[in-house]
Every structure is written in C-alpha cells, then in structure tokens.
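Predicted, not measured: the structure shown is a model, and the values here were computed from it.
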Amino acid sequence: MSTATPRPSVLFVCVHNAGRSQMAAAFLTHLAGDRVEVRSAGSAPSDTVNPAVVDAMEEVGIDISAETPKVLTVEAVRASDVVITMGCGDTCPVFPGKWYLDWRLDDPAGQGVDAVRPIRDEIEQRIRGLLADLDG
C-alpha cells in the first residue's frame, strides 16, 4: 500500500472573480488535473464571468463559460495552502502558515478580447511556474 501525498490547495483571489482569478484557476485545473485542488473567489464578486475572458480562454481550448463568480470566504482561505491575490488589496484575510503571492496583472474588466489575450498568456506562464514550484 502506498501513502498518498496530500495534494496542495491553491486559492486565486481578485476583486470581481470574473477575469484574472477565473483564468488562473482554469489554467491550473487544466495543467495540473487532480494533482492540485483549485479554488477562486472575489472580494466583491460580479454576477457573471467577463465574456471577453470566456472568449480568450476558449481560444486556447479551455471552456469556462459555466463558471460563476464566488464570494471570498475566510473558510476558503483557511482551507488553502497557497493564496494568490490579483489586485484585491487588503480585503484578503491573512492566516499564518499560508504561502501568499501577489500577482500584479492588468485588470481585464471592460476590455475586449484583444486586451485580454496578453493577460491570459501572462497568467498561463505564471501558472506553469507555480506548478514547477509545487511539484519541486
């Protein structure tokens, strides 16, 4: 019998949970499969995911059209090993023993798909780096 290593849990947080954090969660889920538990949330979630973000992700073969923005909870932070913030400022609760990263990325809110593509591509590169850190 082998002992399973607990899989790391990553929470992506942005203000509206309609763009950056949705893309990051989708890339991590796509690239890591079930090796990582993935969550995303917003400090002031929108009603829907940004349509330009949905289109930009569809271009790279990832369908997030069924995703909905979720509110950030203390429980979600407490249950995560890694918390990656993307412009939510001081609204994210901080707990000892968590690995916090702040990714400064342009906000795709109100932008068309042409403006979202470079943000999407930067997020994908950061996710690949994060996976290397988690696997290392």
Side-chain angles (χ1 to χ4, degrees):
M1 289 178 48
S2 66
T3 305
T5 304
R7 59 188 187 145
S9 174
V10 179
L11 170 65
F12 296 100
V13 182
C14 66
V15 176
H16 301 298
N17 190 221
R20 296 165 288 187
S21 56
Q22 290 283 352
M23 288 190 282
F27 271 124
L28 186 55
T29 299
H30 179 75
L31 295 169
D34 61 2
R35 296 190 335 250
V36 179
E37 185 178 358
V38 181
R39 297 180 182 85
S40 72
S43 54
S46 295
D47 294 331
T48 60
V49 174
N50 179 334
V53 167
V54 173
D55 292 346
M57 293 301 287
E58 187 65 37
E59 290 177 353
V60 295
I62 300 175
D63 181 6
I64 63 169
S65 61
E67 295 297 325
T68 55
K70 294 164 276 308
V71 69
L72 176 64
T73 64
V74 169
E75 293 75 26
V77 176
R78 193 174 279 132
S80 301
D81 300 309
V82 181
V83 179
I84 299 175
T85 57
M86 302 170 172
C88 69
D90 298 329
T91 61
C92 188
V94 175
F95 292 100
K98 306 291 178 195
W99 180 24
Y100 288 91
L101 297 172
D102 184 42
W103 289 357
R104 298 193 183 278
L105 298 160
D106 290 337
D107 188 348
Q111 303 289 326
V113 73
D114 289 341
V116 172
R117 283 185 191 112
I119 302 168
R120 173 200 67 199
D121 295 345
E122 183 175 349
I123 289 172
E124 180 182 9
Q125 291 308 309
R126 289 179 186 230
I127 292 298
R128 290 181 183 280
L130 174 68
L131 263 176
D133 290 343
L134 292 174
D135 290 343

### Message
Within the 3.5 Å criterion, strictly below it, is a donor on Ser9 or Asp81 matched to an acceptor on the partner's side chain?
### Response
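Their side chains do not contain a donor-acceptor pair, so the 3.5 Å distance test is not met.
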### Query
Atom CZ in Arg39, atom CG in Asn17: separation rounded to 0.5 Å?
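Atom-to-atom, Arg39:CZ and Asn17:CG are 13.0 Å apart.
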### Query
Residues two or more places apart in sequence or in another chain: which of them pass salt bridge (charged side-chain N to carboxylate O under 4.0 Å, His left out) with Asp34?
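Asp34 satisfies salt bridge (charged side-chain N to carboxylate O under 4.0 Å, His left out) with no other residue.
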### Message
A side-chain contact here means heavy atoms from C-beta on lying under 4.5 Å apart; do Pro45 and Lys70 qualify?
### Response
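Side chain of Pro45 against side chain of Lys70, heavy atoms only: no contact under 4.5 Å found.
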### Message
Nearest 0.5 Å, please: how far is OG1 in Thr48 from NE2 in His16?
### Response
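Those atoms lie 11.5 Å apart.
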### Message
A quick test of your reading: do over 12 heavy atoms of other residues, nucleotides or ligands sit less than 6.0 Å from CG of Asp107?
### Response
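Enclosed: over 12 neighbouring heavy atoms sit under 6.0 Å from CG of Asp107.
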### Query
Ignoring hydrogens and geometry, is there a side-chain-to-backbone donor-acceptor pair from Lys98 to Ser80 under 3.5 Å?
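Checking the backbone N and O of Ser80 against the side chain of Lys98, a donor-acceptor pair under 3.5 Å is found.
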### Query
Cluster question for you: counting only ILVMFWY and a side-chain heavy-atom cut-off of under 4.5 Å, with indirect links fine, are Val54 and Val60 together?
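Shared cluster, yes.
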### Task
Drop me the distance from Asp121's CG to Met23's CE, to the nearest 0.5 angstrom.
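Asp121 atom CG to Met23 atom CE measures 9.5 Å (nearest 0.5 Å).
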### Separation between CD1 of Ile84 and OG of Ser40, rounded to the nearest 0.5 Å
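The distance works out to 11.5 Å.
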### Message
Between Leu11 and Tyr100, is there shared hydrophobic-cluster membership here, with clusters defined by ILVMFWY side-chain heavy atoms closer than 4.5 Å?
### Response
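Yes, Leu11 connects to Tyr100 through the hydrophobic network.
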### Query
If you group Ile, Leu, Val, Met, Phe, Trp and Tyr by side-chain heavy-atom gaps below 4.5 Å, do Ile62 and Val49 land in one group?
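Yes, Ile62 and Val49 fall within the same hydrophobic cluster.
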### Task
To the nearest 0.5 Å, tell me how far Thr29 OG1 sits from Glu37 CD.
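The OG1 atom of Thr29 sits 10.0 Å away from the CD atom of Glu37.
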### Task
Kindly give the heavy-atom pair with the smallest separation between Arg20 and Cys14, and that separation in Å.
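So the minimum-distance heavy-atom pair works out to NH2-CB, 4.1 Å.
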### Verdict with supporting geometry, Phe27 and Met57, side-chain contact (heavy atoms from CB on, under 4.5 Å)
CA-CA 9 Å; Phe27 271 124; Met57 293 301 287; 3.7 Å; yes
### Co-membership, hydrophobic cluster, residues Phe12 and Val71, 4.5 Å side-chain
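Phe12 does not cluster with Val71.
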#### Entry: Heavy-atom side-chain proximity of Asp47 to Pro69 below 4.5 angstrom
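Asp47 vs Pro69: side chains apart.
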If you look only at distance, which donor and acceptor atoms sit under 3.5 Å apart when one is on a side chain in residues 122-136 and the other is two or more places apart or in another chain?
unit_1, atom_1, unit_2, atom_2, d
Glu122, OE2, Arg126, NE, 3.0
Glu122, OE2, Arg126, NH2, 2.6
Glu124, OE2, Arg128, NE, 3.3
Glu124, OE2, Arg128, NH2, 2.9
Asp135, OD2, Arg35, NH2, 2.9

### Query
Is there a donor-acceptor pair closer than 3.5 Å between any side-chain N or O of Asn50 and the backbone N or O of Gly19?
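No, Asn50 side chain to Gly19 backbone: no donor-acceptor pair under 3.5 Å.
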#### Entry: Transitive ILVMFWY side-chain link Leu31 to Val82, under 4.5 Å
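In one cluster with Leu31: Val82, yes.
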